[in-house]
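Labels below follow one simple rule: chain letters A, B, ... track the order of the sequence lines, proteins then strands, and each chain is numbered from 1.
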2 protein chains.
Amino acid sequence: MTFIRDMDMTRAAIDHRLHAFRGRCGELGLSLTPQRLAIYQVLASDDSHPGAEDIYRRIKPDLPSLSLGTVYRTLELFEEHGLVSRVHAFGDQARFDANLDSHHHLVCIRCRRVIDFQDAQLERLPVKPEGLNGFRVLTHRIHLLGVCHRCQTDA
Amino acid sequence: MTFIRDMDMTRAAIDHRLHAFRGRCGELGLSLTPQRLAIYQVLASDDSHPGAEDIYRRIKPDLPSLSLGTVYRTLELFEEHGLVSRVHAFGDQARFDANLDSHHHLVCIRCRRVIDFQDAQLERLPVKPEGLNGFRVLTHRIHLLGVCHRCQTDA
DNA sequence: GTAGATGCAAAATGTTTGCTCTAAT
DNA sequence: ATTAGAGCAAACATTTTGCATCTAC
């Protein structure tokens with residue numbers, strides 16, 4: 001059974017993620033239950049940043065015993081171990097991302113899609129320490145808000 | 001009665017905001033009820049980005065009839081009319097900001113403070129359209145995550 | 001008296017938690 | 001047997017909503 005929905009991710013890229021995931025789980029001593037694997041598989045194969053409920057709904061038919069609580073607990077576990085990251089694009093539900101490369105997000109205000117976006121220029125921001133008032137910056141998040149290609153043509 | 005808590009904002013700056021606020025409300029045809037004024041006053045005088053509940057708690061003693069629902073409705077109204085903006089720094093509650101100048105946020109991962117941060121360099125990002133895949137960028141949000149000055153010295 | 005604003009409580013939403021049961025060592 | 005994980009339901013936090021009441025013109 002697979003949990004692949006759209007073809008954003010190529011088969012090869014998905015397999016690469018899954019392979020890395022299995023490896024990391026081994027190193028971390030995390031057991032690979034069918035639930036965990038299914039949850040990760042959804043995220044690895046879909047770059048649309050699904051939320052917990054989305055993930056649950058997609059797996060449920062193939063794994064009817066799955067409970068939503070497990071999805072939440074598993075996503076938190078994954079996040080704690082750096083296997084996925086959490087995106088708060090809008091105020092509502094958290095959405096998850098298996099893309100661990102440094103990247104930012106395009107956030108479509110019309111359809112609420114969140115699209116990964118990579119740009120070397122944005123990896124280090126030209127922030128002058130004067131304005132920071134002693135704040136020690138560890139990392140940064142950039143959201144570019146706008147209208148995605150699909151929504152522009154649809155309208 | 002005043003709702004000023006900390007002295008981030010100078011009296012003059014607060015008055016300036018309040019004045020502009022009254023003006024905009026007039027233009028927009030929004031009635032200035034005591035509740036609305038009190039809610040705006042909290043935001044105008046406190047740059048710590050309080051949430052709805054915070055605002056409610058701070059006004060309640062002076063205006064005991066106030067209900068939390070009104071706070072939510074009012075904040076939404078203000079946001080719709082561009083009088084305040086909404087910040088989703090963490091996944092939990094939304095936080096609000098009367099600072100309408102273009103700015104970004106320093107987000108302290110320890111104490112969860114959100115600090116306004118202005119930097120002319122960051123107003124236009126060097127984003128090359130190639131990576132955008134047709135996405136039309138309208139605006140951007142930058143969160144610098146790290147540890148604020150207070151938390152560094154406390155620790 | 002009409003329209004808009006408020007208060008209150010219920011509902012909706014998203015998430016976390018406690019507890020029990022199961023499964024794997 | 002012990003222990004981690006899963007399922008279930010209740011609890012929780014935040015926000016939204018419906019409706020009755022109030023207030024200002």
Side-chain angles (χ1 to χ4, degrees), chain A residues 21-22 25-43 49-81 83-96 112 114, chain B residues 21-22 25-43 49-81 83-96 112 114:
Chain A
F21 172 73
R22 286 169 181 281
C25 284
E27 289 166 30
L28 294 162
L30 298 180
S31 45
L32 266 174
T33 66
Q35 290 86 342
R36 291 182 182 175
L37 205 49
I39 291 166
Y40 187 81
Q41 210 172 129
V42 169
L43 286 169
H49 306 78
E53 186 90 38
D54 297 325
I55 296 169
Y56 173 70
R57 266 200 308 274
R58 260 193 264 164
I59 300 171
K60 188 76 175 173
D62 295 285
L63 219 147
S65 77
L66 182 71
S67 92
L68 184 56
T70 296
V71 175
Y72 275 105
R73 268 196 269 246
T74 301
L75 289 169
E76 190 176 354
L77 180 85
F78 287 175
E79 194 196 12
E80 277 167 5
H81 289 89
L83 299 165
V84 304
S85 67
R86 195 183 289 252
V87 185
H88 297 292
F90 303 95
D92 49 8
Q93 0 99 275
R95 298 167 64 167
F96 296 85
R112 306 197 135 208
V114 174
Chain B
F21 172 73
R22 287 170 181 280
C25 284
E27 289 165 31
L28 294 162
L30 298 180
S31 45
L32 266 174
T33 65
Q35 291 86 341
R36 290 182 181 174
L37 205 50
I39 291 166
Y40 187 82
Q41 209 172 129
V42 169
L43 286 169
H49 306 79
E53 185 90 37
D54 296 325
I55 296 170
Y56 173 71
R57 266 200 309 273
R58 259 193 266 165
I59 301 172
K60 188 76 174 171
D62 295 285
L63 220 147
S65 78
L66 182 71
S67 92
L68 185 55
T70 296
V71 175
Y72 276 104
R73 268 195 271 243
T74 301
L75 289 168
E76 191 176 354
L77 181 85
F78 287 175
E79 194 196 13
E80 277 167 5
H81 289 90
L83 298 165
V84 304
S85 67
R86 195 183 288 253
V87 186
H88 298 291
F90 302 95
D92 49 9
Q93 1 100 275
R95 298 168 64 168
F96 295 85
R112 306 197 136 208
V114 174

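Nucleotide C:dA5 holds its P atom 11 Å from the CZ atom of B:F78, rounded to whole Å. Following rounding to the nearest Å, B:I39 (CD1) and C:dG7 (C1') show an atom-to-atom distance of 13 Å. In this entry the distance linking OH of A:Y56 with C1' of C:dT16 reads 16 Å, nearest Å. What separates CG of A:L75 from P of D:dA6 is a distance of 12 Å, to the nearest Å. To the nearest angstrom, P of C:dG7 lies 11 Å from CD1 of B:I59. The interatomic distance linking A:L77 (CG) with C:dT17 (P) rounds to 14 Å, in whole Å. Protein atom CG of A:L30 is 15 Å distant from nucleotide atom C1' of D:dT3, rounded to whole Å. Nucleotide D:dA4 holds its C1' atom 14 Å from the CG atom of A:L32, rounded to whole Å.
Residue B:T74 places no side-chain N or O under 4.0 Å from the OP1 or OP2 atom of C:dA5. The shortest distance between the side-chain N/O atoms of B:T33 and the OP1/OP2 oxygens of C:dA5 is not below 4.0 Å.
Distance check, rounded to the nearest 0.5 Å: CG of A:L75 to CZ of A:F96 gives 4.5 Å.
For the side-chain contact (heavy atoms from CB on, under 4.5 Å) test with A:P50, the passing option among A:R95, A:Q93, A:R58 is A:R58; the others fail. A side-chain contact (heavy atoms from CB on, under 4.5 Å) with A:T74 is found for one member of A:L83, A:V84, A:I39 and no other, namely A:I39.
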Heavy-atom protein contacts under 4.0 Å, nucleotides 8-25 of chain D, coded B base, S sugar-phosphate only, - none: B-----SBBBB-------
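The closest donor-acceptor contact from the side chain of A:R36 to the backbone of A:S31 lies under 3.5 Å.
Below 30°, between 30° and 60°, or above 60°: for A:Y40 and A:F21 the angle between ring planes is below 30°, a parallel geometry.
Heavy atoms only, all atoms of each residue included: A:P34 and A:L63 are closest at O-CD1, 4.1 Å.
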